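Below is one structure, written out as structure tokens, with a few remarks after it.
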Amino acid sequence: MLKLTPSHSLHQPLSPPSPHTLPFSLLQSCKTQQDVKRTHALSLRTGAFDHPYIASRLLALYADPKINSLDYARSVFDLIPVPDLVSWNILIKCYVENQRSHDAICLFHDLVHEFTPDCFTLPSVIKGCARLNAVPEGKQIHGLVVKIGFGLDKFVQSSLVSMYSRCGEMGYARKVFDQMGEKDLVLWNCLIDGYARCGEVEIALQLFDEMPERDYFSWTCLVDGFSKCGRVEMARDVFDRMPSRNLVSWNAMINGYMKSGDVEMARRLFDEMPTRDVITWNSMIAGYEFNGKFMEALYLFIAMLKEGLVPNHTTFVGALSAVSGLAVLSKGKWIHSLMVKCGIESEGVLGTSLIEMYSKCGSVESALSVFRAISKKKLGHWTAIIVGLGMHGMAERALEMFSEMRRTGLQPHAITFLGVLNACSHAGLVELVRHYFNMMTNDYGIEPTIEHYGCLVFILCRVGNLEEAKDIIEGMPMRPNKVIWMSLLSGSRNFGNINIGEYAAQRLIEVAPETIGCYVVLSNMYAAAGKWDKVSSIREMMKKRGIKKEPGCSYIEHKGMLHEFIVGDKSDTQTKEIYAKMSEMRERLKSAGHVPDTSQVLLCLEDEKEKEAELENHSERLAIAFGLINVEPGSPIRIIKNLRVCNDCHSITKLLSDLYNREIIVRDNSRFHHFKNGLCSCKDFW
DNA sequence: CTAGGGTTAG
């Protein structure tokens with residue numbers, strides 16, 4: 001028999017708890033999500049949850065910006081039999097604050113069946129419209145505001161001015177502003193914000209002078225607005241004139257510099273500023289990433305952790321994109337594990353970031369497992385995996401994914417089709433490219449962008465349908481870019497069509513005179529046709545324009561270190577071993593019957609021996625040699641390079657994968673090559 | 001006893 005000790009009986013009352021006995025102090029003392037969850041659980045156990053006050057208080061706690069747990073807030077809301085207007089308002093606001101404005105507006109639609117929205121509902125839902133740039137919906141709600149008589153509520157009115165300002169509808173913003181008799185500071189700020197961000201510098205400054213008082217907000221609206229319309233110098237001028245600056249002003253200015261590409265100025269302010277918050281760090285990390293400074297972004301992410309700051313959703317998006325740019329798989333895995341530790345879900349945008357990161361780091365299997373683990377797969381997730389599979393030459397699986405996605409009822413958008421077209425064009429499936437291009441325009445009414453045309457032109461050139469490609473280029477509604485002309489030029493070289501080749505080269509020089517490839521391909525084409533006078537005139541042109549070959553660069557990660565190799569590099573600590581390995585590779589290739597293909601080497605080098613030597617020092621060969629020495633057998637050798645893989649490197653890497661029985665994965669500037677057993681996943685089509 | 005409009009990342 002169990003005998004209860006006095007202390008036991010104290011904590012385990014023998015009679016069931018009476019309903020609604022949750023102490024009020026418990027609700028008030030909740031500081032973290034953990035606290036709220038505990039109280040939530042207790043309220044369910046004791047039956048206190050059934051009290052409408054308790055449930056709506058829990059909802060308010062979950063929705064509180066400091067706790068901000070949208071999913072829990074929603075689950076509480078769903079259990080309230082008849083939610084009152086206050087509960088609706090709290091939930092709608094929470095959706096808007098969590099970038100789920102579309103859901104917020106849907107909720108608002110449900111709400112109006114049961115209640116007349118009040119002066120708390122309206123500002124939230126109007127802000128949601130602003131976030132989505134949904135002017136027609138915003139105008140509809142504006143109509144409702146007038147109808148139900150909130151025409152003079154200052155909160156509702158300033159949210160309307162803000163909505164129109166954010167959407168660039170300054171005429172409407174001004175109209176609402178002018179109608180207000182008593183204009184408070186917030187109302188002024190909403191209007192100035194709009195004029196500044198749409199580039200109406202004079203009007204913004206004039207209003208700024210006219211307004212009765214100015215605090216931090218007004219100044220920062222100008223700083224941010226001028227930055228957003230590309231007038232960063234003007235923004236800096238305002239920033240310097242501010243009587244005093246707060247954290248938000250510094251953040252706005254830093255972000256302005258980052259968006260204008262002035263990474264150095266952003267960094268200077270970051271170092272100078274008195275205090276920094278998570279937004280400061282996020283702006284810097286995302287800013288570095290935006291400007292292609294991936295390494296700096298990653299260093300800053302690490303520095304942020306060292307300072308003890310807690311990264312959030314936005315931080316991870318930036319850090320993962322930086323890793324995608326660098327293609328350092330180990331860092332990507334590490335960040336993924338940190339995300340899990342921080343309890344950050346990979347359901348939304350971060351799921352997309354992870355799929356993209358793993359794809360771009362060469363681990364398509366991990367991308368697939370992230371994808372499979374996402375319970376509610378959205379269009380962005382499907383698109384990311386289709387793009388990822390295509391990048392790795394796995395066209396069939398990409399197309400399977402595409403059909404599966406359509407079976408779930410999702411509508412593909414322009415980027416999804418770009419992934420599909422890229423997958424097919426990388427795999428040489430010319431008829432399928434045509435098929436999906438037509439499906440996109442005819443069945444889905446999606447206007448093709450230059451990238452879509454790029455896929456079509458690329459594949460047509462690759463299979464030698466040069467006339468058709470030329471017709472398509474000439475019929476495109478937009479101006480052809482560098483990529484398009486380069487495809488036509490390469491196709492002309494491969495199929496020996498000098499006429500189209502010259503035409504493409506001329507257009508290419510007009511669009512992008514700095515493109516070295518154009519001169520190389522053209523001069524090689526002339527050389528093949530024996531037109532030596534033209535070969536030398538191209539060489540002179542290059543000399544005159546000072547065009548130099550972008551140095552080839554490859555890197556490989558080993559034991560947490562990035563090893564970078566440029567052509568003919570001798571800087572690595574293992575240089576001696578690397579060059580010894582390269583001689584061994586050369587011998588093995590020779591005995592396997594490999595003959596170097598020098599057709600893509602720039603003809604500035606006259607002598608055939610010199611050309612071969614140039615090829616032999618290509619950066620990826622150094623990286624392969626390093627990999628053969630250092631990467632343990634059984635693990636793939638992963639190499640990232642900045643340029644397209646040349647013909648000869650492609651053939652030797654295939655051979656080497658067989659001769660050394662190693663899997664070699666190379667990411668070049670547009671796709672992945674998986675070399676295994678003497679073959680490449682691109683099926684020699686790149 | 002709940003909740004409110006304007007500035008910074010996304």
Side-chain angles (χ1 to χ4, degrees), chain A residues 24-25 27-28 51-61 63-65 83-94 96-100 117-127 130-131 150 153-163 165-166 176-177 180 183-194 196-197 211 214-225 227-228 235 238-239 242 245-256 258-259 273 276-287 289-290 311-318 321 348-350 353:
Chain A
F24 175 63
S25 60
L27 278 168
Q28 278 215 310
H51 193 291
Y53 163 67
I54 302 287
S56 48
R57 187 69 195 112
L58 281 168
L59 168 63
L61 280 168
D64 186 289
D84 61 359
L85 184 57
V86 174
S87 298
W88 283 91
N89 290 348
I90 293 171
L91 191 65
I92 287 175
K93 185 175 157 55
C94 194
V96 173
E97 295 309 319
N98 285 282
Q99 349 292 333
R100 301 265 300 266
D118 66 6
C119 59
F120 290 96
T121 328
L122 293 162
S124 297
V125 73
I126 292 168
K127 188 175 183 180
R131 286 258 167 106
F150 284 106
D153 182 278
K154 61 178 178 174
F155 292 103
V156 176
Q157 294 308 305
S158 45
S159 67
L160 281 170
V161 174
S162 176
M163 185 266 293
S165 282
R166 283 297 166 103
V176 179
F177 178 85
M180 290 297 286
K183 296 174 177 63
D184 68 4
L185 188 59
V186 176
L187 199 66
W188 280 95
N189 287 340
C190 292
L191 191 71
I192 287 177
D193 181 42
R197 64 174 61 218
M211 62 193 292
R214 293 182 277 263
D215 63 5
Y216 290 127
F217 274 90
S218 320
W219 290 92
T220 308
C221 280
L222 289 183
V223 170
D224 182 54
S227 297
K228 289 234 156 64
V238 175
F239 182 79
M242 286 178 77
R245 298 162 198 93
N246 66 5
L247 183 53
V248 181
S249 341
W250 284 91
N251 287 349
M253 196 63 240
I254 283 179
N255 190 44
M258 279 301 194
K259 290 290 147 66
M273 65 197 291
R276 306 176 187 100
D277 66 358
V278 70
I279 295 185
T280 321
W281 289 90
N282 288 352
S283 302
M284 287 298 293
I285 293 168
E289 194 277 321
F290 176 78
N312 65 17
H313 188 273
T314 309
T315 325
F316 282 111
V317 172
S321 302
V349 183
L350 273 171
S353 300

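A quick note: this is a predicted structure, and the numbers were derived from the prediction, not measured. Chain naming here is simple, since letters A, B, ... match the order of the sequence lines and numbering starts at 1 in each. For the numbers below, each heavy atom of this structure counts, side chains included, while hydrogens, waters and symmetry mates do not.
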d(CD, A:Gln157; P, B:dG5) in whole Å: 15 Å
Base B:dG10 to side chain A:Asn282, donor-acceptor N/O within 3.5 Å cut-off: no
Side-chain donor or acceptor of A:Ser162 paired with backbone N/O of A:Ser158 under 3.5 Å: no
B:dT7 phosphate, OP1 or OP2, under 4.0 Å from A:Arg197 side-chain N/O: no
Side-chain donor or acceptor of A:Ser165 paired with backbone N/O of A:Cys190 under 3.5 Å: yes
Sugar-phosphate, base or nothing in reach of A:Cys119, heavy atoms under 4.0 Å: base
Under 4.0 angstrom between A:Asn255 side-chain N/O and B:dA9 OP1 or OP2: yes
ring centroid sep under 5.5 Å plus plane angle under 30, A:Phe120 with B:dA3: yes
Touch class at under 4.0 angstrom, heavy-atom based, for A:Asn98 against every strand present: nothing
Presence of A:Lys183 side-chain N/O under 4.0 Å of B:dG6 phosphate oxygens OP1/OP2: no
Over all atoms of both residues, closest heavy-atom pair of A:Ser283 and A:Met258: O-CG, 4.1 Å
Note, A:Lys259 side chain near A:Lys228 side chain (heavy atom, < 4.5 Å): no
Along DNA chain B (nearest heavy atom to each residue), the more 5'-positioned of A:Val317 and A:Leu61: A:Leu61
B:dT8 OP1/OP2 closer than 4.0 Å to side-chain N/O of A:Arg245: no
A:Trp219 and A:Phe239 aromatic centres sub-6.0 Å: no
Phosphate OP1/OP2 of B:dA9: any A:Lys228 side-chain N/O under 4.0 Å: yes
Sugar-phosphate, base or nothing in reach of A:Asp118, heavy atoms under 4.0 Å: base
Sugar-phosphate only, base, or nothing, as touched by A:Val86 at under 4.0 Å among non-hydrogen atoms: base
Side-chain N,O (A:Lys154) to OP1/OP2 (B:dG4) below 4.0 Å: no
Value in whole Å for how far the C1' atom of B:dA9 lies from CZ of A:Arg131: 11 Å
From B:dG10, B:dG6, B:dT8, nucleotide with atom closest to A:Ala286 side chain: B:dG10
A:Lys127 side-chain N/O to B:dG4 phosphate OP1/OP2 under 4.0 Å: no
Touch class at under 4.0 angstrom, heavy-atom based, for A:Arg166 against every strand present: sugar-phosphate
Under-3.5 Å donor-acceptor pair between A:Ser159 side chain and B:dG5 base: no
